[in-house]
Amino acid sequence: MKIGILGSGGVAQTLAAGFLKHGHAVVMGTRSPDTLAAFAAEHPGLAVGSVADAAGAGELLVLAVKGRAAVDVLRAAGATRLAGKTVIDTTNPMADTPPVNGVAQFFTGPNDSLLERLQGEFPAANLVKAFNSVGAASMVNPQFAGGPPTMFIAGNDVAARAEVSGILAQFGWEVADMGRAEAARAIEPLAMLWCIPGFANNQWGHAFKLLHKA
Ligand SMILES: NC(=O)c1ccc[n+]([C@@H]2O[C@H](COP(=O)([O-])OP(=O)(O)OC[C@H]3O[C@@H](n4cnc5c(N)ncnc54)[C@H](OP(=O)(O)O)[C@@H]3O)[C@@H](O)[C@H]2O)c1
């Protein structure tokens, strides 16, 4: 598939490399394509352009930008370029204020989520929350002593969730499909929980796993 990645940071680069490794074509979109020159030189087959370029080229899109900027980036992508496409939403609604005793602060409240806000503004896009509850270093085919970790996903479109589940399987994850967009209210705060050992003890090498009764 042709994947359009909106973003240039650690998540965008990690997932771009992962999609290339698994044989997909990738176009990354950023306000400053020059900043990705060295990364592109190391990754043959990677194209870099504007956010609109990546959104237009991608059959499946990945949103990997700062949470506060997410709506502006989707506006720059353009609603018509998003329409009908699966958009993997990796973002977390991190506030600009620092963590409190290791607990990150969100700009959303408990009965709300960034995914729902984005889906509300872009109803024709099929957003699926995924990859937000683990660090970038463990997103692509991570190896853990306890076996494959679990990625929790949510979004309104059943076919889009199935498409993202297939990609997650390729990327070495078990998938826990939590259903419609409101489930992102529970999935986004997993990022807060995931970060606590990092902020407290500089431990970042973990992931969640959902266990099922035999
Ligand atoms: N880092 C992780 O391990 C991790 C793990 C899970 C989830 N996440 C989430 O994934 C997302 C990406 O994280 P990240 O660490 O890769 O990158 P980041 O540092 O959170 O964000 C960098 C990206 O945000 C864009 N951006 C920042 N301010 C902007 C603005 N005012 N207007 C437009 N675009 C703006 C940048 O766009 P340009 O390219 O145009 O400069 C860049 O692509 C975040 O929402 C984060 O919470 C991160």
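Because only heavy atoms are used, hydrogens play no part in the values below, and waters and symmetry mates are left out as well, while side chains stay in. Ligands are counted one by one from 1 in listed order, and the atoms in each one are counted from 1 as well.
A donor-acceptor pair under 3.5 Å is absent between the side-chain atoms of Thr108 and the main chain of Pro93, judged by distance alone.
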Take Ser113 and Glu182 through the side chain to side chain contact (heavy atoms under 4.5 Å, CB included) test and state the conclusion after the steps.
CA-CA 7 Å; Ser113 66; Glu182 289 78 6; over 6 Å; no

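Aromatic ring centroids of Trp204 and Phe199 lie under 6.0 Å apart.
Ring geometry for Trp173 versus Phe131: interplanar angle over 60°, hence perpendicular rather than tilted (30 to 60°).
Under 4.0 Å from any atom of ligand 1, one finds heavy atoms of residues Gly7, Ser8, Gly9, Gly10, Val11, Thr30, Arg31, Ala64, Val65, Lys66, Gly67, Ala69, Val73, Thr90, Thr91, Asn92, Phe131, Asn132, Val134, Gly135, Ala136, Met139.
Here the side chains of Ser138 and Phe144 are in contact, with some heavy-atom distance below 4.5 Å.
Sorted by first and then second residue, the pairs that involve residues 166-176 and meet salt bridge (Lys or Arg N to Asp or Glu O under 4.0 Å), not counting sequence neighbours, are Glu174-Lys209.
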